[in-house]
S.K.: 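After the structure tokens below, expect a handful of questions from me.
This is a predicted model, so every value here is computed, not measured. Reckoned from all heavy atoms, side chains included, excluding hydrogens, waters and symmetry mates. Just so we're on the same page: letters track the sequence lines, and every chain starts at 1.
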Amino acid sequence: MSSIYLDHAATTPMVEEALMAMTAQLAQLGNPSSLHTHGRATRKTLEDAREVIAQGVGCLPSEVIFTASGTEANNTALKGLYWQGRDNGRHVVVISAIEHHAILDPAHWLEEHEGAEVIQIPVNNDGVVDLDFLKSLIASRGHEIAVISVMHANNETGVIQPLREVVEIAGEIPVHSDAVQSFKKIPLSFKDLGLYAMSLSAHKIGGPLGVGALILRRTVEIPALLHGGGQEREIRSGTFNAPSIVGFAAAAKSAYYDAQHVQTLRDAFISGVKSAIPDASINGLSSQRLPGIVNVTFPGTQSDSLLLLMDGQHISCSTGSACSAGVHEASHVLLAMGHSQLTAQSSLRFSFGAVSTQADVDHVLSALPDVITRGRAANLS
Amino acid sequence: MKLIAAMSGGVDSAVAAARAVEAGHEVIGVHLALSANPQKYRSGARGCCTIEDSHDARRAADVIGIPFYIWDMAEEFHDGVVEDFLAEYSAGRTPNPCLRCNEKIKFAAVLDRARAMGFDGVVTGHYARTQESAEGKTLHRAVDHSKDQSYVLSVLTVEQIAGAIFPLGDTTKVDIRKEAEARGLAVAQKPDSHDICFVPSGDNAGWLRDRLGSEVGPIVDQDGVKIGEHKGAYTYTIGQRKGLGLTVPTADGSPRFVLKIEPVSNTVVVGAREDLAVTTMRGERPVFCGSAVTATKERGFVQVRAHGAALPCTYFLDGPLLVAELDEPLLGLATGQAMVIYDGDRVVGSATICETE
């Protein structure tokens with residue numbers, strides 16, 4: 001039986017162009033920081049890649065800082081902007097309640113170790129940040145806020161956030177956005193959004209694992225997490241990972257992602273789920289969403305049972321996050337959207353990618369009734 | 001068959017899972033997360049619910065080539081095993097939590113969930129054997145008597161035994177380690193787990209004191225005369241001689257032993273060695289792994305500790321109680337312990353000791 005991969009929001013296959021570009025670069029000699037011919041050759045390739053990324057997200061090439069992951073970009077931005085603000089007497093970090101752990105955890109770390117006060121912007125039942133909350137927060141405590149971080153689109157529900165409004169409300173306060181899930185899926189422009197900083201990851205767009213980028217306004221200087229050779233505006237020292245960066249750029253340039261195709265599959269899947277399991281509900285259904293992500297609550301089930309049963313049918317999907325011991329936990333995103341522990345733990349994420357097909361959708365829909373029946377039985381036992 | 005292999009992260013359950021795969025079963029590895037706040041690493045040779053253990057279990061499953069998942073059983077474990085352990089101690093009895101875990105978690109919560117999801121049974125790395133008989137599957141001692149775990153499995157009903165697969169019962173522990181090595185399982189040399197997994201420090205008395213308090217009470221002799229004080233009655237064990245802190249010597253200078261723990265009056269009763277002797281034990285809530293014991297007296301063996309000796313006895317049912325009359329007196333037997341009846345190597349059944357004389 002063929003296997004069905006519906007976890008593209010976790011990682012997605014590398015696109016052909018990225019694979020080719022990366023493997024070719026692996027054979028090239030030269031540290032881009034070296035001044036000789038070999039170094040210059042690698043530097044040239046690297047700067048070409050930087051320009052491609054810059055063009056892809058609407059920023060200047062000098063605003064692209066390559067990192068080893070989206071997580072590193074998030075950490076660098078949030079901590080750096082906080083430290084910069086703290087130097088000016090601002091100690092409040094504002095994040096949305098539905099951020100990825102790569103923002104949540106550094107924010108809590110700042111609170112525990114660096115004297116920050118973290119305030120979370122709640123979301124409504126449709127998974128959209130509460131702009132009125134942000135407005136009144138800024139009206140009362142705007143002068144204390146060092147940084148605001150709101151993701152561009154949520155990784156669990158796909159719900160797109162009103163970032164332009166967030167930036168407008170923020171005024172002069174620096175806004176960072178984790179755009180890891182949005183890049184290449186929907187239009188994204190750093191400049192148009194008016195952001196201070198934005199995070200990207202290569203492997204979510206068909207590039208290699210282990211490379212990401214922090215987009216940081218050229219006028220903004222923040223303290224570094226890694227110190228050393230002074231690369232990347234002295235914000236991110238370390239020898240450039242040229243092959244991965246080249247692969248990242250090739251994926252960014254590729255026209256492989258057909259959002260309309262992915263969205264059509266997603267919508268076919270949603271209507272199939274609703275007719276197969278009438279009491280299933282789609283989280284964030286009435287909001288603007290990414291084309292590829294569907295988050296479904298199946299009442300009376302436990303998502304870890306469902307994942308096991310789906311896996312047994314050769315279907316890969318996701319339950320959301322797990323703790324360090326591997327125990328599935330209720331999603332903080334769904335809890336923030338008003339779910340109870342019970343219903344939050346009855347939810348699965350299916351995420352479609354460029355290579356997904358109608359046959360994938362059909363296969364999952366045919367397996368679904370039996371999986372849900374067994375999952376419900378297991379929940380009662 | 002479609003089977004769930006319960007994988008603790010130790011060598012035994014890893015080899016058990018590998019053997020089940022080799023026997024042609026469709027096997028899925030499951031690690032039971034039993035602690036809501038797992039420790040990162042095992043401290044020495046104890047514990048079965050650390051992050052390191054779940055990693056080791058996952059690694060073993062990957063090497064064997066089977067799917068692997070983690071099931072959160074922390075709540076069930078706390079309610080069914082830890083709470084029971086505390087309640088038994090505070091009632092002055094000496095429980096065996098491993099037995100309770102098999103009864104309520106591994107072959108109940110896990111087996112039920114597995115069956116509901118379309119699996120036929122649960123594979124574990126216990127050292128025990130099962131045999132098909134006219135009355136269904138029966139439970140037997142492992143070939144390696146020094147590692148035999150039939151005692152802690154004796155609480156399983158016929159229905160539970162029907163869904164239990166013990167692939168290690170025919171092999172010695174030494175050979176299991178060699179086999180793990182040969183199979184490329186990195187847990188081959190991992191130390192055996194001992195003690196109680198939810199008491200990571202290994203300090204049982206301290207763990208109990210933290211949870212049940214340490215209310216000072218009298219230590220009395222058999223005439224009720226106070227001869228000392230204790231710090232929490234439940235930290236004593238029947239037959240215990242050391243650590244009583246008694247300053248009043250006996251007339252003949254002979255040592256004293258804990259005879260009885262009375263939780264209501266918070267009293268520890270001590271006496272002479274010969275007063276520890278037990279010849280008859282009665283157990284409540286008997287469970288039989290096959291046809292039930294009747295009022296007719298039968299000859300067999302009774303075992304009262306996980307790795308204790310099999311003591312020749314006559315056993316029968318007296319109303320709701322399972323009774324064993326020992327051929328030779330036994331010293332130091334606490335209520336709360338399980339009495340397990342054997343017919344040769346076969347487990348006849350078990351009960352929780354509630355009276356001794």
Side-chain angles (χ1 to χ4, degrees), chain A residues 1-7 10 298-332 335 340-349 366-381, chain B residues 2-5 7-9 26-42 47-59 61-62 66-77 104-105 107-119 122 159-160 163:
Chain A
M1 194 189 291
S2 63
S3 64
I4 310 289
Y5 185 80
L6 291 183
D7 202 14
F298 297 104
T301 67
Q302 276 182 298
S303 31
D304 54 352
S305 298
L306 297 184
L307 186 129
L308 186 158
L309 292 162
M310 283 286 185
D311 207 0
Q313 299 297 314
H314 308 279
I315 298 163
S316 298
C317 57
S318 165
T319 56
S321 55
C323 78
S324 47
V327 173
H328 171 62
E329 291 175 325
S331 152
H332 67 279
L335 293 175
S340 65
Q341 285 280 340
L342 206 64
T343 57
Q345 299 230 41
S346 312
S347 308
L348 284 182
R349 179 188 70 183
S366 70
L368 196 60
D370 185 52
V371 165
I372 300 301
T373 304
R374 285 179 190 275
R376 285 185 173 151
N379 197 27
L380 293 175
S381 67
Chain B
K2 282 181 73 177
L3 302 173
I4 292 284
M7 300 180 72
S8 67
E26 184 185 334
V27 181
I28 281 180
V30 164
H31 177 75
L32 305 177
L34 300 178
S35 165
N37 298 300
Q39 309 259 320
K40 279 202 170 124
Y41 298 101
R42 301 210 313 176
C48 54
C49 38
T50 63
I51 292 171
E52 185 187 15
D53 288 320
S54 78
H55 170 88
D56 289 345
R58 180 187 298 279
R59 176 67 187 144
D62 289 344
I66 55 173
F68 176 83
Y69 309 95
I70 291 173
W71 283 4
D72 181 7
M73 292 274 168
E75 213 176 295
E76 289 87 343
F77 187 77
K104 294 185 175 170
I105 308 295
F107 300 98
V110 175
L111 182 59
D112 290 349
R113 192 171 175 192
R115 282 176 166 156
M117 289 167 83
F119 292 86
V122 171
E159 169 83 329
Q160 288 170 309

S.K.: Measuring from atom CG of L309(A) to atom OH of Y69(B), what distance do you get when rounded to the nearest 0.5 angstrom?
M.R.: 8.5 Å

S.K.: My understanding is that only one of V371(A), L308(A), N379(A) makes a side-chain contact (heavy atoms from CB on, under 4.5 Å) with M117(B); could you say which?
M.R.: L308(A)

S.K.: Mind listing the closest non-hydrogen atom pair of R113(B) and Q302(A) along with its distance?
M.R.: NH2-OE1, 3.9 Å

S.K.: Check whether F68(B) gets within reach of chain A through its side chain, its backbone, both or neither, counting any heavy atom under 4.5 Å.
M.R.: neither

S.K.: Does R115(B) CZ have over 12 foreign heavy atoms under 6.0 Å away?
M.R.: yes

